[in-house]
There are 2 protein chains.
Amino acid sequence: MSRPTVHDIAEEAGVSLATVDRVLNERPGVRRKTMDKVFAAADRLGYVRDTSAANLAKQRQYRFAFILPDGPSQFVEALESTLNEASSYHVAERTVVETLRVPQRDPHAIVRTLQGLGTEKLDGIALMVPETPQVRDAVARLKDAGLAIVALVSDLPNSRRDYFLGVNSVAAGRTAAQLMGRFAQKPGEILVVTNSIHSRDSLERRVGFDEVIAAEFPHLTVLPSVEAYDDPVRMGRILEQVFNSREQLAGIYSVGSGNSALLDHLRRHERQSDLHVIAHELTPATYRALSNDEIAAVIAHNVGHLIRGALRVLRALCDDLLIYEAQEQARIEIFLRENLP
Amino acid sequence: MSRPTVHDIAEEAGVSLATVDRVLNERPGVRRKTMDKVFAAADRLGYVRDTSAANLAKQRQYRFAFILPDGPSQFVEALESTLNEASSYHVAERTVVETLRVPQRDPHAIVRTLQGLGTEKLDGIALMVPETPQVRDAVARLKDAGLAIVALVSDLPNSRRDYFLGVNSVAAGRTAAQLMGRFAQKPGEILVVTNSIHSRDSLERRVGFDEVIAAEFPHLTVLPSVEAYDDPVRMGRILEQVFNSREQLAGIYSVGSGNSALLDHLRRHERQSDLHVIAHELTPATYRALSNDEIAAVIAHNVGHLIRGALRVLRALCDDLLIYEAQEQARIEIFLRENLP
DNA sequence: TTGTAGGCGTTATCAG
DNA sequence: CTGATAACGCCTACAA
């Protein structure tokens with residue numbers, strides 16, 4: 001009829017409630033034989049634990065820290081504000097989160113932050129940082145301390161992280177290329193703009209982009225990446241120069257998630273009507289630019305899905321429950337003006 | 001420190017637990033004055049109910065029915081299988097669902113099903129059916145019986161449904177048009193194929209599609225919709241005829257979610273290499289066609305998100321909790337070969 | 001090694 | 001109208 005409970009198991013196995021609990025939670029001090037009896041009874045009855053009742057009894061609190069890059073980024077801001085929203089909403093889920101910003105390019109500072117985290121006061125960590133040997137080591141130490149670790153947006157494939165939530169950057173780059181190739185049908189050159197050529201994501205996107213353009217759109221030539229280090233003045237100079245020297249500019253691919261400088265420049269200057277701009281991440285800046293037809297398409301993470309997924313996965317990891325992979329799988333979203341949310 | 005409980009309120013207000021409960025759950029039989037005391041204490045303390053404890057005490061079960069169209073549709077099958085998956089996973093959430101298929105074109109059969117539902121045994125209903133006066137009436141009766149009602153995929157805007165989960169079909173059509181216009185840059189004609197011209201969604205998509213093509217891509221001409229009534233033979237004949245008579249065919253827009261007949265035909269016949277096909281919904285058929293470059297793009301619902309959203313919204317409605325609109329907002333997804341999941 | 005009793009935050013059933 | 005008191009399914013002392 002209704003779901004079996006620990007009482008039912010106790011009765012079925014002919015032991016007390018406490019013993020059932022000990023067995024089910026793999027606590028020591030139970031004879032082998034008793035354990036077997038209990039397990040047998042449990043799966044004869046098809047028992048599955050009621051997590052919320054358990055959490056109620058335990059007064060469980062999930063304490064998570066999110067480590068995000070500092071510096072001005074509308075994408076990161078979106079992540080953070082979604083996180084705040086979600087965590088106030090998820091107070092019901094017994095989850096408390098704190099957010100920390102770390103300097104992206106300083107592995108030692110990142111490590112220092114991770115060390116200073118107070119592993120006693122924490123159950124899990126979601127982090128969006130570039131993978132370096134130092135970070136890998138720090139992750140290993142955090143794992144040793146028993147924390148659940150989720151890599152966010154940017155994977156740490158060679159670390160001991162438990163899970164990665166984010167899109168495949170190569171595929172994201174390939175998607176950008178597919179759109180660019182189909183939009184820009186006349187022969188021409190594609191300018192690739194980035195703010196940090198050293199970021200793994202930017203690199204991977206670029207790789208994917210080049211693959212597809214080379215294989216399927218031979219009428220397009222991809223120019224070497226130009227890097228602007230988030231500096232609007234520098235960006236302005238570079239664009240000026242490119243627009244003057246390149247007659248055949250067919251498109252601009254902004255690989256980094258920082259687009260403001262590029263967009264400001266484009267907005268201020270006359271440009272050909274058939275210059276196709278593709279950028280990453282849906283932020284206030286790209287939203288506005290898409291609305292105004294200043295850019296043609298945006299390739300993006302679903303920020304809300306990502307954050308809620310991180311929270312769900314961290315909780316699942318803590319309770320070692322199974323993760324609902326199909327749900328957590330991050331999709332590469334494409335936005336045009338017409339399908340803006 | 002930790003969250004205030006009913007005990008805290010009881011103490012603060014100087015009444016018993018039972019009274020606090022009565023007030024908080026708006027049960028009758030409490031003096032005005034006592035109510036005020038309790039409410040005052042509650043929000044002085046910043047009380048928020050612990051839903052899972054409440055559900056535990058109530059032994060609450062959410063019993064939902066999903067009404068989906070019958071007939072062969074990979075999209076509907078995806079919905080149903082996702083629902084089964086989710087509901088087995090959500091046994092933890094005290095939710096049981098049953099699925100019913102109804103004939104899409106027979107309002108009376110739909111109503112009969114809705115009537116025969118046993119409102120006593122149900123807390124809510126999600127339904128994907130065309131809006132007719134009969135359906136509106138049935139929805140009204142179900143609301144009168146106290147059920148939560150969510151429209152799925154296809155809205156019932158003039159009914160008393162509580163919520164709609166699905167994308168805006170006009171916007172979906174506009175999105176398709178934007179892609180079509182940018183992909184098909186040479187002058188030509190667009191064939192619009194549908195399986196049921198009477199469906200509101202198909203109509204709305206077509207409207208959106210035409211708006212954007214007319215406004216932004218004057219080099220394209222959209223032909224009148226051809227309807228195939230899910231009949232592959234008929235579809236074959238129509239396509240044959242179109243391919244022979246139309247020299248300038250630049251694209252095909254499949255507005256209905258049934259694509260198999262079209263895809264089979266395309267696969268069997270030689271076709272121009274620059275014929276751009278755009279379809280709706282990600283199903284095994286469209287997935288395969290996208291992978292093989294037989295179609296250029298798919299506009300889709302996120303089936304998993306939709307189903308989980310319906311479940312969440314129905315639960316929230318039952319407990320009249322607030323709905324997390326930002327999370328539930330269905331997005332119009334775009335798939336190319338490169339960003340297939 | 002095992003069992004008993006009480007509590008987590010809420011609701012429900014009794015009396016009074 | 002109001003207040004004890006006992007559930008709900010699970011966990012955790014403490015005792016045996």
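Just so we're on the same page: letters track the sequence lines, and every chain starts at 1. Since this is a predicted model, take the numbers as computed values, not measurements.
In this model, the phosphate group of dC8(D) is not approached by any side-chain N or O of Thr5(A) to a distance below 4.0 Å at OP1 or OP2. A close approach under 4.0 Å does not occur between any side-chain nitrogen or oxygen of Arg49(A) and OP1 or OP2 of dG9(D). A close approach under 4.0 Å does occur between a side-chain nitrogen or oxygen of Thr34(B) and OP1 or OP2 of dT2(D). An OP1 or OP2 oxygen of dG3(C) is reached within less than 4.0 angstrom by a side-chain nitrogen or oxygen of Thr19(A). Distances shown here put a side-chain N or O of Arg27(B) below 4.0 Å from the OP1 or OP2 atom of dA12(C).
Rounded to an integer number of Å, the gap from Lys58(B) NZ to dG9(D) C1' is 16 Å. Here the P atom of nucleotide dT11(C) and the CG atom of Asn55(B) are 9 Å apart, to the nearest Å. In this structure, His7(B) atom NE2 and dT11(C) atom P are separated by 12 Å, rounded to whole Å. In this entry the distance linking CZ of Arg60(B) with P of dG9(D) reads 16 Å, nearest Å. When the C1' atom of dC14(D) is taken as reference, atom CG of Leu17(A) falls 16 Å away, rounded to whole Å. The separation between Leu56(A) atom CG and dG9(C) atom C1' is 6 Å, rounded to whole Å. For the pair Glu11(A) CD and dG3(C) P, the computed distance is 14 Å after rounding to whole Å. With rounding to whole Å, Arg22(B) atom CZ is found 11 Å from dT11(C) atom C1'.
Residues Ser52(A) and Asp50(A) bring a donor and an acceptor atom of their side chains to less than 3.5 Å of each other.
Here the rule is side chain to side chain contact (heavy atoms under 4.5 Å, CB included) with Tyr62(A), and of Asp319(A), Leu311(A), Val97(A), Leu122(A) only Asp319(A) fits it.
Comparing dG3(D), dA7(D), dT4(C) by their closest approach to the side chain of Ala57(B) singles out dA7(D). The Val30(A) side chain lies nearest to dT2(C) when the options are dC11(D), dT2(D), dT2(C). Looking at the side chain of Ser16(B), the nearest of the listed nucleotides dC10(D), dA4(D), dG9(C) is dA4(D). Comparing dT11(C), dG9(D), dC1(D) by their nearest atom to the side chain of Gln59(B) picks out dG9(D).
Taking a 6.0 Å sphere around CD of Glu11(B), one finds it holds 12 or fewer heavy atoms contributed by other residues, nucleotides or ligands.
Counting any heavy atom pair closer than 4.0 Å across all strands shown, Asp21(A) reaches a base atom. At a threshold of 4.0 angstrom between heavy atoms, the contacts of Ala18(A) include nucleobase atoms, whether or not backbone atoms are also involved. Using a 4.0 Å heavy-atom cutoff across all strands shown, Thr51(B) reaches no nucleic acid atom at all.
In this structure, Arg161(A) forms no cation-pi arrangement with Tyr163(A), as its terminal cationic atom is not both closer than 6.0 Å to the ring centre and no more than 45° off the ring axis.
Here Arg101(A) pairs with Glu80(A) in a salt bridge; the nearest charged N to carboxylate O distance falls below 4.0 Å.
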